[in-house]
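Quick notes on the structure that follows.
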Amino acid sequence: MNSLSGNIPSQIAYLSKLTYLDLSINQFSGEIPSEICLLTNLRVLHIVENELNGSIPNDIGRLRFLEDLSLYNNRLHGPIPTSFGKLSNLAYLYLYNNSLSGFIPSELGNLKNLIDLYIFTNSFIGPIPSTFGNLKQLTVLYAFNNNLSGSIPKEIGNLKSLTSLSFSANNLSGPIPASLGGLRNLTLLHLYRNQLSGPIPEELGNLTSLTDLELSVNQLNGPVPASFGNLTDLEYLYLYQNKLSGSIPPELGNLVKLKYMEIGENQFTGYLPQNICRGGSLQNFTANKNRFNGPIPRSLKNCKSLVRVRLEENQLTGNIAEDFGVYPHLNFIDLSYNKFRGEISSNWGRCPKLVYLHISGNNISGRIPPEIGIGAQLQELDLSSNHLVGEIPKELGKLTSISRLMLGDNQLFGGIPTEFGALTNLEILNLSGNNLSESIPEYLENFSKLHDLNLSNNKFNQEIPAQLGKLPTLSKLDLSHNLLRGEIPSKISNMESLEHLNLSHNCLSGFIPKNFNEMNRSLEVDISYNDLQGPVPDNKAFQDAPIQAFAGNKDLCGNVRGLRPCNQLVSRRGHNKLVFLITFPLLGALLLLLASIGIYFILQKRKRDASTENSEELLSILDLDGNILYSDIIKATDNFDDTYCIGKGGHGSVYKTKLPSSRIVAVKKLHSLPNGERNFRKEFLNEIKALTEVRHRSIVKFFGFCSNAQHSFLVYEYLEKGSVATILNEEEKARELDWSKRLDIIKSVAHALSYMHHDCSPPIVHRDISSKNILLDGDYQAHVSDFGTAKLMKLDSSNWTQVAGTYGYIAPELAYTMKVTEKCDVYSFGVLALEVIKGRHPCDLIPSLSSPLTRENLVLTDFLDQRLPIPPPEVQDEVILMLNIAITCLHDNPHSRPSMNMITPMLSV
C-alpha cells in the first residue's frame, strides 16, 4: 500500500460530519490546514508519523467534542495554542517527538477529563504550570526531555490517579516536593537529569506501588531515607551522580524484587548494603566512586543473578580470592582502585558470559591464573597497578575476542607469549611498568585493529621490529625506558594514524630515517636519551617538538630551536678529526704514565674502602644519634605508611612526622638508588654532608640524613602552609596570598639563590626551582626546599650532567648541552616570579618574551592574577620592576641573564 504525500488537502473541510480522522504513517508535509478546525464533530484526530513542519492551528479549540488528539512523531514547531484549554472532552493528548517550543500554557489545567498527557521530547521552556494540579483524572504525565525550569509544583501531589510521572532531562531546580508522597498509585517516578537539590523526602517511602524510581544526575544531598524499605515492589532504583551521603539504611534489604540499583558517584560511607541480593533478583549493582569500606556482602558473593557490577574507586577491603563466587550471567565487573588483597581467583574463568573484568589499582599479589584464559568471551581484562608476579600465562592467548588487555605496573617477567599472536582483535595492549624482557614479537604486525601499544618501562632488548610499521590504525606507540638497540625502523613512517611516538630512554643509534619527513604533521614525538645522530626530520611534527624531545642524544642537529645547525656539526667534526690526528701520539705517552700512577692510587683506595665499607650501613648527620633518629622516624611513620604521606615527587615521598620530642619534621624518603651504583651513592652522601653547612633564613632547615640497606631519607623542617604551587591552585588560598606576600616570596627566593650561588663554597645550583619546591611557613615566609637534584659546582669543572628539574622551568640550554651553571637557576627563578604574579604557570607568555619590557609598553593586566584586585600605585611600581627582572632572567642565551647577586640589590628588603 502506497503512503500519501504532499500537503493535507484543505478540501477536507467538506467532511463536516466526520467524527474519526486518521492520517497517520504517511508522508504529509507542510502545515496542518486550518480547515481541519471546521470538523467540529471530530472525536478522534490522528496525524502521527508524518513530516508536518508547521505549527498547530490556533483555532483547534473549536473541536469541542475531541477526545483523542495524536500529533506525535512529526516536525511541528511553535507553541501549544492556548485554545487547547477549550477542549473540555479531551482525554488523550499526544504531542511528543516534535519541535514544539515556548511555555506550556496554564490553560491545559482546564482539561478535567485528561487521562494521558504526553508532551516529552520537545523544546518547551519555563515552569511546569501549577494548574496541572487540577487534572484529577490524569494517570500518565510525561514531560521529559525538554528545557523546563523552575521547581516542581507541589500541586502535582493532587494527582491521586497518577501511575506514571516523568519530568526527567529538564532544567528543574529546587527540592522534590514532599507532596509527591501522596501519589499512592504511582508505579513510575522519573526525575533524573535535572538540578534538583535538598534531601530526598521521607514521604517517598509511602509510594508502596512504585516499581521504578529514578532520581539520578541531580544535586540531591543527605541520606537515603530508611522509609525506602517500604517500597517492597521496587525493581529499579537509580540514585547515581548526586551528593548523597551517610550509610545505606539496612531497610533496603527488604527490597526483595530489586533488579537494578545504581548509587554510584555520591559520597556514601560505611559498608555496602549487606542484604542487597536478598531476593536473588539483583542484576545490576553500581556503587562506584563513593567511600564505601569493609568487605563484600555475603549476599553479593552468592548472587547468581548478577549481570553488571561496578564497585570501583571505593575503599573496599577483603580477600579477592574469597569474596567473589561464580556468576553464570555476569557480563561486566569493575573492582578497580580499592584495597582488595590476596590472589586472583580461577573462578573468573568459570563465569561463561564475562566480557569485562577490571581489577586494577588494588593490592593483589601472586600470579595471573591461567584459568582466566578459559573465559573465551572476555573482551577487556585490566589487572594493572597491582603486585602480580611471574610470567604472563600463555593461556591468555585463547582470549581471541579480547580488545583491551592491560597488565601494566606489576612485577611480571619473561617475554610476551608466542600464543598472543592469536589476539588479533586487540585494540589496546598495555604491558608497561613490568620486568618483561626478550624481544618485541614480530607477530604484532597482524594486530590490524591495534591503536594503542604501550610496552614502556620494561627490559625489552634487541631491535624494534620493522613489522610494527604495518599497523594501520596504531595511534599511540610507547616503547620508552627499555633496552632497545639498533636503528629506528624506517617502516614506522608508514603508520598513517600515529599521533604519539615515544622511543625515549633506550639504546637506539644511527640516524633518524629520512622518510620520517612524510609522517603525520600532528605527531607528538619523543626520542630523547638514545644514541642518535644526524639531522632531525624537516617536518612539522619534529620541528614543533620541544627541545626536551631530543635531549640526551649524541649528535642530533637541525633547524630546531636548541639544536645545532647541521652545517656547524659537520664543521665541528672535521675540526675534531684534525685535532685527534695531531694529539693522539702525545696522549699515548701521557696515558702510559698516568696508568701506572692510577694503579697505585686504586690499590690504596681499595684498602680504604674495605676499612670503611661497614661504616656506611647507617649514616646520621647533625646532633642526633643515628640509631635513635632512625628508629624514631620508622616508628612515628608506621614504617612509612601512606597515612602519613603529604606529597610525592620524582625523587621520593614526603611524610609528616612527629618525633618523641614533639617536634614535627618533614621526612623525605628517597627512591631506591640503582643497584651497583656505589660510587653514585658515596658522591650523593658527600653532597648531603655539604648541605648541612647551608644556613639561610629562606632555605628550609636541613636536620639530617639517615641511610641503611632498607631506607634512605632526609629530615627537614616542617612548614605548615605547604607549597606555593598548592596555594596558587586553590581559589580561596590564592586570594589570601596578596600582592605584598607574593612580592616577599619572590624576594626571599632571590636572596636564597644568591646565597647558594655566591656565598657557598663550593657554589650550589639547585636545578629544580619551581613553585612546588617553594614552601611557606605560618607567616607566609618562603623557603627553598628539595635539594634532591642539587649539583655542587666545582669551579674547575664543566659540570656536565643529565637533565633534571621540572618541565616548564628548565633552562633551554640544558635540553641539548646538559651543562649545569647557576644561570639554569636564574632562568627557573624568572619563570617562578612570573608564576607567582600571574597566579599560574606563564607558559602562554614565555615564547613572546624575547626582550625586557619597559614600563611604558608593559600591559600589566596580562601578567596579573585576576583573582586579586589591581595592586595600588605604590605596589604597581614594585610589581613592574619584578616583571622586568623576571623577563631578563628568561633570555635564551644564559650569558645574557643577570646573576642572582646582580638581582638582589635591585629588590627592596
Side-chain angles (χ1 to χ4, degrees), residues 439-440 442 444-445 450 452-458 460-472 474-574 576-577 802-803 807 810 812-818:
S439 61
I440 297 173
E442 296 180 357
L444 292 177
E445 67 176 303
L450 196 65
D452 188 339
L453 176 60
N454 191 342
L455 304 179
S456 64
N457 289 280
N458 279 289
F460 289 112
N461 47 48
Q462 302 186 32
E463 298 183 351
I464 299 174
Q467 288 82 355
L468 293 183
K470 297 181 180 180
L471 297 175
L474 197 69
S475 62
K476 181 178 180 180
L477 176 61
D478 192 345
L479 305 179
S480 63
H481 294 271
N482 277 288
L483 303 171
L484 298 169
R485 53 184 172 80
E487 297 186 353
I488 299 174
S490 61
K491 290 185 178 180
I492 286 182
S493 65
N494 297 337
M495 298 180 180
E496 297 179 357
S497 302
L498 199 62
E499 297 177 356
H500 303 273
L501 174 64
N502 193 343
L503 305 178
S504 65
H505 294 84
N506 277 289
C507 306
L508 301 172
S509 58
F511 294 84
I512 302 172
K514 291 183 178 180
N515 58 1
F516 272 36
N517 288 322
E518 304 167 5
M519 295 189 73
N520 188 351
R521 291 172 58 86
S522 60
L523 176 69
E524 291 183 11
V525 64
D526 189 348
I527 55 173
S528 59
Y529 297 98
N530 281 287
D531 196 22
L532 300 170
Q533 59 182 306
V536 169
D538 188 17
N539 69 357
K540 183 176 176 60
F542 283 83
Q543 299 300 314
D544 290 351
I547 188 61
Q548 289 84 355
F550 308 112
N553 281 289
K554 180 172 61 176
D555 268 333
L556 287 177
C557 63
N559 188 26
V560 175
R561 184 178 180 181
L563 288 182
R564 303 179 183 89
C566 289
N567 55 356
Q568 287 187 15
L569 188 60
V570 172
S571 174
R572 184 169 60 86
R573 283 179 177 166
N576 289 347
K577 183 176 180 180
Q802 288 189 336
V803 174
Y807 180 73
I810 302 174
E813 68 272 13
L814 267 183
Y816 59 92
T817 68
M818 295 180 289

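Being a predicted model, the structure only gives us computed values, none of them experimental.
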Smallest heavy-atom separation, Tyr529 atom then Asn553 atom, equals N-ND2, 3.9 Å
For residues 462-472, the salt bridge (charged side-chain N to carboxylate O under 4.0 Å, His left out) pairs (sequence neighbours left out) are Glu445-Lys470
If you define the side chain from C-beta out and look only at heavy atoms, does anything of Leu532 sit under 4.5 Å from Ile488? yes
Nearest heavy-atom contact between Pro489 and Ala466 is CB-CA, 3.9 Å
Residues passing the side chain to side chain contact (heavy atoms under 4.5 Å, CB included) test with Pro472, sequence neighbours excluded, are none
Residues passing the side-chain hydrogen bond (donor to acceptor under 3.5 Å, both in side chains) test with Glu524, sequence neighbours excluded, are His500
Residues Val525 and Ala541: closest non-hydrogen pair is CG1-O, 4.0 Å
For Asn559, the side-chain hydrogen bond (donor to acceptor under 3.5 Å, both in side chains) test, sequence neighbours excluded, returns none
Within a strict 4.5 Å, meaning less than it, do heavy atoms of the Ile464 and Leu508 side chains meet? yes
Taken in chain and number order and not counting sequence neighbours, the residues that satisfy side chain to side chain contact (heavy atoms under 4.5 Å, CB included) with Ser439 are Gln462
When rounded to the nearest 0.5 Å, the distance separating CD of Gln467 from CG of Leu444 is 9.5 Å
Here the gap from Asn494 atom CG to Asn515 atom CG, rounded to the nearest 0.5 Å, amounts to 7.0 Å
Here the gap from Glu518 atom CD to Glu496 atom CD, rounded to the nearest 0.5 Å, amounts to 11.0 Å
Residue set satisfying side-chain hydrogen bond (donor to acceptor under 3.5 Å, both in side chains) with Ser475, at least two apart, ordered chain then number -> none
Taken in chain and number order and not counting sequence neighbours, the residues that satisfy side chain to side chain contact (heavy atoms under 4.5 Å, CB included) with Pro537 are Ile512, Phe516, Asn517, Asn539, Phe542
Glu487 meets the side chain to side chain contact (heavy atoms under 4.5 Å, CB included) criterion, sequence neighbours left out, with none
For Asp452, the side-chain hydrogen bond (donor to acceptor under 3.5 Å, both in side chains) test, sequence neighbours excluded, returns none
* Got a donor-acceptor contact below 3.5 angstrom from the Asn506 side chain to the Asn530 backbone? -> no
Run the side-chain donor-acceptor check on residues 477-486: report pairs under 3.5 Å with partners two or more places apart or on a different chain.
{"unit_1": "Asp478", "atom_1": "OD1", "unit_2": "Ser480", "atom_2": "N", "d": "3.1"}
{"unit_1": "Asp478", "atom_1": "OD1", "unit_2": "Ser480", "atom_2": "OG", "d": "2.7"}
{"unit_1": "His481", "atom_1": "NE2", "unit_2": "His505", "atom_2": "ND1", "d": "3.4"}
{"unit_1": "Asn482", "atom_1": "OD1", "unit_2": "Asn458", "atom_2": "N", "d": "3.2"}
{"unit_1": "Asn482", "atom_1": "OD1", "unit_2": "Lys459", "atom_2": "N", "d": "3.2"}
{"unit_1": "Asn482", "atom_1": "OD1", "unit_2": "Phe460", "atom_2": "N", "d": "3.0"}
{"unit_1": "Asn482", "atom_1": "ND2", "unit_2": "Leu455", "atom_2": "O", "d": "3.1"}
{"unit_1": "Asn482", "atom_1": "ND2", "unit_2": "Leu479", "atom_2": "O", "d": "3.0"}
{"unit_1": "Asn482", "atom_1": "ND2", "unit_2": "Ser480", "atom_2": "O", "d": "3.2"}

For Leu556 and Leu563, the nearest pair of non-hydrogen atoms, with its separation, is O-CD2, 4.1 Å
CD1 (Ile547) and CD1 (Ile810) are apart, to the nearest 0.5 Å, by 11.5 Å
Point to revise | Check against side-chain contact (heavy atoms from CB on, under 4.5 Å), Leu498 and Ile492 | key: CA-CA 9 Å; Leu498 199 62; Ile492 286 182; 4.3 Å; yes
What one should report as the nearest heavy-atom pair of Gln548 and Asp526 is O-OD1, 4.2 Å
Answer yes or no: is there a side-chain heavy-atom contact under 4.5 Å between Gln543 and Asp538? yes
Nearest heavy-atom approach of Ala549 to Ala545 is CB-CB, 4.2 Å
